[in-house]
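Computed from a predicted model, the values in this text were never measured in an experiment. Numbers restart at 1 for each chain; the letters A, B, ... are given by sequence-line order, proteins then strands. These numbers come from the heavy atoms of this one structure, side chains and all, not from hydrogens, waters or symmetry mates.
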Number of protein chains: 2
Amino acid sequence: MRFTENFERAKKEALISLEIALRRGEVDEDIIPLLKKINEKPNYFTTSSCSGRISIMEMPDFGDKVNAKWLGKWHREVSLDEVLEAIRKHREGQLWLLVRSPILHVGARTLEDGIKLLNLGVSCGFKYSNIKSISDRKLIVEIRSTERLDALLGENGEILVSDDYMRKLVEIANAQVRRFKRKLKRFEERIEEL
Amino acid sequence: MRFTENFERAKKEALISLEIALRRGEVDEDIIPLLKKINEKPNYFTTSSCSGRISIMEMPDFGDKVNAKWLGKWHREVSLDEVLEAIRKHREGQLWLLVRSPILHVGARTLEDGIKLLNLGVSCGFKYSNIKSISDRKLIVEIRSTERLDALLGENGEILVSDDYMRKLVEIANAQVRRFKRKLKRFEERIEEL
């Protein structure tokens with residue numbers, strides 16, 4: 001496959017991009033050791049990542065990412081107070097509390113290397129892991145889990161749910177964060193197997 | 001690749017399973033023409049599918065699919081009344097309104113066939129499409145979109161949100177259904193390109 005021939009060049013480019021992102025502080029802190037471990041492996045390189053998050057987002061319409069605005073974002077468990085503080089900034093459009101699973105995009109040298117990584121991800125609990133794309137330039141494995149929450153909180157400056165309801169949502173969101181953090185840890189420990 | 005050698009046998013088995021599921025009425029009606037079109041293509045076969053849905057689900061804990069119970073399920077837009085009727089059956093655990101994107105699993109003869117289908121899916125708006133797995137037996141492409149909603153409605157027999165909130169949720173859910181139905185139609189029209 002063509003992407004195997006282009007692997008060394010693609011990895012070199014990806015490592016330069018990562019270096020720039022690291023210097024700019026654009027990489028989620030808690031995932032940096034995992035990225036390093038993967039990039040030390042001769043047959044893999046990372047191209048993008050998010051360590052998973054809880055966020056409060058304002059957007060004109062659900063799914064309109066382009067015009068979305070983060071009012072709060074955390075790569076860890078949150079307190080109800082933090083969430084309440086973030087939603088006080090709500091002015092217009094729809095207000096959502098979102099949970100997103102960690103997501104990692106990893107280039108692999110050969111199809112076999114890609115399948116190996118995919119299977120490792122699945123066995124560490126990242127059940128939505130898959131081969132995201134294959135082009136002449138690269139084969140990208142996506143490591144992703146099932147944790148996700150999309151909860152409508154308000155609209156046009158008005159909060160539509162009670163504090164008690166919000167407390168329950170925060171509990172659920174935090175449980176999801178604990179769950180995907182455990183998976184990330186397990187995955188990091190098992191990178192050696194690649 | 002081994003899965004290419006095993007393609008004919010895997011396709012034969014999948015078609016038999018589909019025939020059984022069709023007779024039992026276990027296949028979502030509105031997706032049957034699409035499944036037929038794909039299975040007529042010599043290099044592909046379908047292994048499982050859901051045409052996308054809105055559902056009202058009761059579960060002990062969020063994500064506990066095993067103990068979840070559907071109180072209502074629709075592969076189409078719903079009315080607020082239908083939703084209100086379904087939630088009246090709520091007794092215990094957490095009560096959720098969920099939207100899930102259509103999902104199709106399709107076996108492909110070669111890696112190239114798989115990539116072709118994956119790219120067609122993405123270009124029809126199924127942005128979460130991917131190669132789900134590759135084993136000696138088969139290569140499975142997943143066709144999947146981004147539409148999703150997870151809204152907590154109640155807990156332990158108690159409804160936690162207002163009718164007005166529920167009306168907004170139903171509007172959002174219906175907009176998602178319209179969106180993924182359009183994508184399905186586009187995809188069905190373009191299967192010929194494979």
* Asked: Heavy-atom distance under 4.5 Å between the side chains of B/Ile131 and A/Ile134, does that happen here?
  -> yes
* Mind listing the closest non-hydrogen atom pair of B/Leu118 and A/Lys132 along with its distance? => CD2-O, 3.7 Å
* Asked: Is it the backbone or the side chain of A/Glu171 that comes under 4.5 Å from a heavy atom of chain B, or both, or neither?
  -> neither
* Asked: Looking only at heavy atoms, what is the nearest atom pair of A/Asp150 and B/Leu149, with distance?
  -> O-CD1, 3.9 Å
* Check whether B/Leu111 gets within reach of chain A through its side chain, its backbone, both or neither, counting any heavy atom under 4.5 Å. => side chain
* Taking everything shown except A/Arg186 itself, do over 12 heavy atoms lie less than 6.0 Å from its CZ? -> yes
* Between B/Tyr128 and A/Arg144, is any pair of side-chain heavy atoms under 4.5 Å apart? -> yes
* Asked: Which bit of B/Ser135 is near chain A, if near means a heavy-atom gap under 4.5 Å: side chain, backbone, both or neither?
  -> neither
* Taking atom CZ of B/Arg9 as the centre, report whether more than 12 heavy atoms of other residues, nucleotides or ligands fall under 6.0 Å from it. => no
* Asked: Looking at CG of A/Asp164 and CD of B/Glu155, how far apart are the two atoms once the value is rounded to the nearest 0.5 Å?
  -> 9.0 Å
* **Which atoms of A/Leu160 approach chain B - backbone, side chain, both or neither, heavy atom under 4.5 Å** => both
* Proximal component of A/Glu142, with respect to chain B [non-hydrogen, under 4.5 Å] -> neither
* Asked: B/Tyr165 side chain to A/Leu153 main-chain N or O, any donor-acceptor pair under 3.5 Å?
  -> no
* To do: Group every Ile, Leu, Val, Met, Phe, Trp and Tyr by side-chain heavy-atom contacts under 4.5 Å, then state whether B/Val177 and B/Ile103 land in the same group.
  => no
* Asked: Does NZ belonging to B/Lys69 count more than 12 external heavy atoms closer than 6.0 Å?
  -> no
* Is it true that atom CD of A/Glu189 has more than 12 heavy atoms of other residues, nucleotides or ligands lying nearer than 6.0 Å? -> yes
* Asked: Near B/Glu85 CD, under 6.0 Å, is it more than 12 heavy atoms from other residues, nucleotides or ligands?
  -> no
* Is the number of heavy atoms from other residues, nucleotides or ligands under 6.0 Å of B/Glu29 CD greater than 12? -> no
* Asked: B/Met59, B/Trp70: one ILVMFWY side-chain cluster at the under-4.5 Å cut-off?
  -> yes
* Pick from A/Ile172, A/Thr146, A/Asn119, A/Val161: which one has the most heavy-atom pairs with chain B under 4.5 Å? -> A/Ile172
* Structure fact -> Answer key: most heavy-atom pairs under 4.5 Å with chain A among B/Ile115, B/Leu152, B/Leu169 is B/Leu152
* From B/Arg148 atom CZ to A/Arg148 atom CZ, the distance as rounded to the nearest 0.5 Å -> 5.0 Å
* Can A/Phe45 be reached from A/Leu104 by stepping across I, L, V, M, F, W or Y side chains whose heavy atoms are under 4.5 Å apart? -> no
